[in-house]
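This report concerns only the one structure given below.
Letters go in sequence order (proteins before strands), and every chain restarts at 1. Values in this document were obtained by computation on a predicted structure and should not be read as measured data.
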Amino acid sequence: MTANIAALLLQHYVDNFRTLPWRSAPGAAAPDPYRVWLSEIMLQQTTVATVVPRFERFVQRWPDVAALAAAPAEAVMGEWAGLGYYARARNLIACAREVVKRGGFPDNSAALRDLPGIGRYTAAAIAAIAFGEDSAPVDTNVERVIARLNAVAGSRRVDIERRFLALAPAGRAGDFAQAMMDLGATICRPRAPKCNQCPLASGCAAYATGAAEAFPTRKRRPFRPQKYGTAWWIERGGRLWLTRRPSTGLLGGMAALPGGEWSAVKASSPAAIGHIQHIFTHFVLELTIERCEEPVGEGWWHPIDRLDEAGLPTVYRRAAKLALAAPEQSTAASFAAA
DNA sequence: AATTCGGGGGC
DNA sequence: GCCCCAGAATT
């Protein structure tokens, strides 16, 4: 049955694989390790649909790891703006420079694991896809597919890795992993799985129970507390005063509107331009935008008609859009905000 | 083992 | 509104 599952899944993959810009066709020569690495970092907790256009822009700007390693950090952070989880971009820069220093990407998961931003999953994925190693890239897709095949609520990571390696044909871990990911994204979905289209249904214990969706068990997101903050809108001669956030923590290293700390207490702001509500992973921010005349702290002037090139993360992009839409502003039309 | 990291899309 | 997404690093 094990060999049967692998054969069925790989054949389904050959017939239905998603063509993606970092991928090579099943059985074809391995793709460029740089592109595999970049895609895996971008895809961490981020959907394929979101990543594809961002990946294309990124590799057009920096086609190889040497070009990326030579780029200014601020340029890379700006290119990452809107993708979220900005530690990924900080680690991406550090990793690129380390790889160039070493003369290329390590070709095995153990060595890849030592690079910044490359964890257990990503190391295994790069090794399997770009270097043909029989490693076990266990992401949430693989975890879900294997949980359903065995009708178990959940398992420890190492046990899922063992299951994966027991299923994957030698030398084909890369295609097999991507086959599982495609299956997980299109058929063996978290909700409303399309078991009637699944090539593995006949060997699936969860399908046999008649309630495949119940596996694996999921956890509820904890309550999100409310926080409040202020951002300053400082405009002069068609330019806006921007600053850079500290290199660690939330939005670390990103361009931003200047402003104070965020707290659980809402401060009064009689002359505010307005405010936005922005949802982060573990809290909700109400950001008040206030006009201010003099520059605050360290920063730089950025042309307001090119604010979309400022590398602002989404919360500040939204704040800027609000300010530019405010009645007393005349520059609104020039900013193509998202 | 829990938390801290963003943001967007689907229902 | 809630859930989910090719997770990693830190505590």
Neighbours of DNA chain B within residues 122-137 of chain A, by heavy-atom distance under 4.0 Å
none

With distance as the sole test, does Arg148(A) use its side chain to make a donor-acceptor pair with the main-chain N or O of Cys204(A) at under 3.5 Å?
no

Need one value for Phe280(A): base, sugar-phosphate or nothing, where a base atom within 4.0 Å counts as base even if backbone is also close, heavy atoms only.
sugar-phosphate

When you compare the side chains of Gln11(A) and Asp15(A), does any donor N or O come within less than 3.5 Å of an acceptor on the partner?
yes

Aromatic ring pairing Tyr316(A)/Trp262(A), orientation class (parallel under 30°, perpendicular over 60°, tilted between)
tilted

Between the base of dG6(B) and the side chain of Thr281(A), is there any donor-acceptor pair under 3.5 Å?
yes

Under 3.5 Å: donor-acceptor pair, side chain of Trp241(A), backbone of Val296(A):
yes

Below 3.5 Å, does any donor atom in the side chain of Thr46(A) face an acceptor in the base of dG6(B), or the other way round?
yes

Atom CZ of Arg245(A) and atom P of dC5(B) are separated, to the nearest Å, by 10 Å

Rounded off to whole Å, could you give me the CZ-to-C1' distance for the Arg88(A) and dT4(B) pair?
14 Å

Protein N or O to nucleotides 9-11 of chain C N or O, pairs below 3.5 Å:
unit_1, atom_1, unit_2, atom_2, d
dA9(C), OP1, Gly117(A), N, 2.5

How is Gly184(A) classified with respect to the nucleic acid when contacts are heavy atoms under 4.0 Å: base, sugar-phosphate, or nothing?
nothing

How are the rings of Phe280(A) and His278(A) set to each other: parallel, tilted or perpendicular (split at 30° and 60°)?
perpendicular

Nearest whole Å is fine: how far is dC5(C) C1' from Gln45(A) CD?
6 Å

Whole-Å distance separating the CG atom of Leu83(A) from the P atom of dG8(B):
9 Å

In residues 29-44 of chain A, what residues come within less than 4.0 Å of DNA chain C, judged by heavy atoms?
Glu40(A), Leu43(A), Gln44(A)

Measure the spacing between CD1 of Ile41(A) and CG of Leu38(A) and express it to the nearest 0.5 Å.
8.0 Å

Does a nitrogen or oxygen in the side chain of His282(A) sit under 4.0 Å from OP1 or OP2 of dC5(B)?
yes

Can you tell me how the ring of Phe105(A) sits relative to the ring of Tyr34(A), calling it parallel under 30°, perpendicular over 60° and tilted otherwise?
tilted

Could you check whether any side-chain heavy atom of Leu10(A) comes within less than 4.5 Å of a side-chain heavy atom of Arg172(A), counting everything from C-beta outward?
yes

Within the 3.5 Å criterion, strictly below it, is a donor on Tyr121(A) or Gln44(A) matched to an acceptor on the partner's side chain?
no

Distance check needed: dA8(C) C1' versus Leu112(A) CG, whole Å only.
15 Å

Interatomic distance at P, dG8(B) relative to dA8(C), whole Å
22 Å

Please check: side-chain N/O of Arg244(A) versus main-chain N/O of Gly299(A), any donor-acceptor pairing under 3.5 Å?
no

Within the supplied structure, the quantity of interest is the number of heavy atoms (other residues, nucleotides, ligands) at a distance under 6.0 Å from Arg163(A) CZ; does it exceed 12?
no

Nearest 0.5 angstrom please: Ile126(A) CD1 to Ile118(A) CD1, how far?
4.0 Å

For His278(A) and dG6(B), is the shortest distance between a side-chain N/O and OP1 or OP2 below 4.0 Å?
no

For atom P, what is the distance between dA6(C) and dC11(B), given to the nearest Å?
15 Å

Atom CD1 of Ile279(A) to atom P of dG7(B): distance rounded to whole Å?
11 Å

Can you tell me the distance, in whole Å, between the CG atom of Leu287(A) and the P atom of dG6(B)?
15 Å

Expressed as a whole number of angstroms, how long is the span from Arg18(A):CZ to dC5(C):C1'?
11 Å

Have a look at Gly249(A) and say if it touches a base, only the backbone sugar-phosphate, or nothing, with a 4.0 Å heavy-atom cut-off.
sugar-phosphate

Validation row: Leu20(A), Phe55(A) side chains within 4.5 angstrom (heavy atoms)
no

Could you verify whether a donor N or O on one side chain and an acceptor N or O on the other, from Arg144(A) and Asn141(A), lie under 3.5 Å apart?
yes

dist Trp37(A):CH2 -> Asp32(A):CG (nearest 0.5 Å) comes out at 11.0 Å

Over all strands shown, is Trp22(A) touching base, sugar-phosphate only, or nothing at heavy-atom distances under 4.0 angstrom?
base

Distance, P atom - from dT11(C) to dG6(B), rounded to whole angstrom
16 Å

According to salt bridge (charged side-chain N to carboxylate O under 4.0 Å, His left out), who are the partners of Arg218(A), at least two apart in sequence or on a separate chain?
Glu213(A)

Represent DNA chain B in dot-bracket notation, 5' to 3'. Only Watson-Crick or G-U wobble pairs with both distances under 3.5 Å count; pseudoknot-style crossings use [ ] and interstrand partners use |.
|||||.|||||

Can you tell me how far C1' in dC5(C) sits from the matching atom in dC5(B), rounded to whole Å?
15 Å

Quick one about Thr122(A) and Arg113(A) (side-chain donor to acceptor, distance below 3.5 Å, no hydrogens or angles considered), yes or no?
no

Between Tyr86(A) and dC5(B), do the rings stack, that is, sit under 5.5 Å apart with planes less than 30° off each other?
no

Reckon Thr314(A) has a side-chain N or O less than 4.0 Å from the OP1 or OP2 of dG7(B)?
yes

Do any N or O atoms from the side chain of Asn150(A) and from the backbone of Ile146(A) form a donor-acceptor pair under 3.5 angstrom?
yes

Check nucleotides 1-4 of chain C for protein N or O atoms closer than 3.5 Å to its own N or O atoms and list the pairs.
unit_1, atom_1, unit_2, atom_2, d
dC4(C), OP1, Arg218(A), NE, 2.4

